[in-house]
Amino acid sequence: MGQIVDLKCKKCHKEYNAKLGIGLLHFNINNISKSFSKDVEDKIMDIAKNHKLEDYLFNNVLIKCDKCKKIYSKPYIKIKYDKDRVFEYGSECTYCGVKGKILDISKKEDLICFDCKNLFDVQIVGIWD
């Protein structure tokens, strides 16, 4: 089950809502690949069909872009295959393309407001599947 979280800054009133985690449909790489654009889906499926998968991680993550000053959620995948190869996609900023930082909502140092440098309050407001 995934979580829906609200990030709110009490000082400047900036607010973000994010869908994090995974759902029941994300139990295999075929379903996971459909969370991405067609070109990324094709790359994931090529790796799954034509290479030896070692391990993979998929999650809807919270991204912070220092260039755009935006926080948002998006799907992220990291696949280890053929012993020493890695395919990683999803940490790039949706708006400017710069690699963003994947935030951990349990770490206060990750949850600082761009505008006023105050800590965001984090609330889990729901679950999704």
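Here the structure is a predicted model, which means the values were calculated and not measured.
L57 and L53 fall into different hydrophobic clusters, where Ile, Leu, Val, Met, Phe, Trp and Tyr are joined by side-chain heavy atoms under 4.5 Å apart, directly or via other members. Under a hydrophobic-cluster definition in which Ile, Leu, Val, Met, Phe, Trp and Tyr are linked whenever side-chain heavy atoms come within less than 4.5 Å, directly or via other members, I29 and V40 are assigned to the same cluster. At a threshold of 4.5 Å between side-chain heavy atoms, the hydrophobic network of Ile, Leu, Val, Met, Phe, Trp and Tyr places Y89 and I102 in two separate groups. F36 and I47 fall within the same hydrophobic cluster, where Ile, Leu, Val, Met, Phe, Trp and Tyr residues are linked whenever their side-chain heavy atoms come under 4.5 Å apart, directly or through other members. Residue Y72 is not grouped with residue V5 when hydrophobic side chains (ILVMFWY) are merged at heavy-atom distances under 4.5 angstrom, including chains of intermediate members.
Around the NZ atom of K69, the shell of radius 6.0 Å holds more than 12 heavy atoms that belong to other residues, nucleotides or ligands. A 6.0 Å sphere centred on CD of E88 holds more than 12 heavy atoms belonging to other residues, nucleotides or ligands. By the neighbour-count criterion of 12 heavy atoms within 6.0 Å, atom NZ of K83 is sparsely surrounded, having that number or fewer from other residues, nucleotides or ligands.
Residues L103 and D110 approach most closely at CD2-O, 3.5 Å, considering heavy atoms. Pairing each heavy atom of G97 with each of E92, the nearest pair is O-CB, 4.0 Å. Between K67 and C96, the shortest heavy-atom contact is CD-SG, 3.9 Å. Closest approach of A18 and L62 over heavy atoms only: CB-CD1, 3.6 Å. When all heavy atoms are compared, the tightest approach of V122 to L111 is CG2-CD1, 3.4 Å.
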- request: Please step through salt bridge (charged side-chain N to carboxylate O under 4.0 Å, His left out) for the pair K43 and D39, ending with a clear verdict.
  value: CA-CA 6 Å; K43 176 69 175 170; D39 60 323; over 6 Å; no

task: Report the C-alpha distance between D115 and K11 in whole Å, list the side-chain angles of each, state the deciding distance to 0.1 Å, and finish with yes or no for salt bridge (charged side-chain N to carboxylate O under 4.0 Å, His left out).
output: CA-CA 10 Å; D115 294 335; K11 188 173 179 183; over 6 Å; no

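Of the possible polar contacts, one joining the N28 side chain to the N30 backbone as a donor-acceptor pair under 3.5 Å is found. A donor-acceptor distance shorter than 3.5 angstrom exists from the side chain of N31 to the backbone of L25, with no hydrogens or angles considered. For D129 (side chain) and L24 (main-chain N/O), a donor-acceptor pair under 3.5 Å exists by modelled atom type. Under the 3.5 Å distance criterion, the side-chain polar atoms of N118 are left unmatched by any main-chain donor or acceptor of C9. No donor-acceptor pair under 3.5 Å is formed between the side chain of N17 and the backbone N or O of D6.
From L7, atom CG reaches atom CD of Q123 across 10.0 Å, with rounding to the nearest 0.5 Å. S35 contributes atom OG, which lies 14.5 Å from atom OH of Y76 (distance to the nearest 0.5 angstrom).
You'll find the side chain of I22 stays beyond 4.5 Å of the side chain of F27, heavy atoms only.
With F114 as the aromatic partner, K64 meets the cation-pi criteria of under 6.0 angstrom to the ring centre and within 45 degrees of the ring axis.
Between W128 and H26, the ring planes are perpendicular. Angles over 60° get that label, and only those under 30° would be called parallel.
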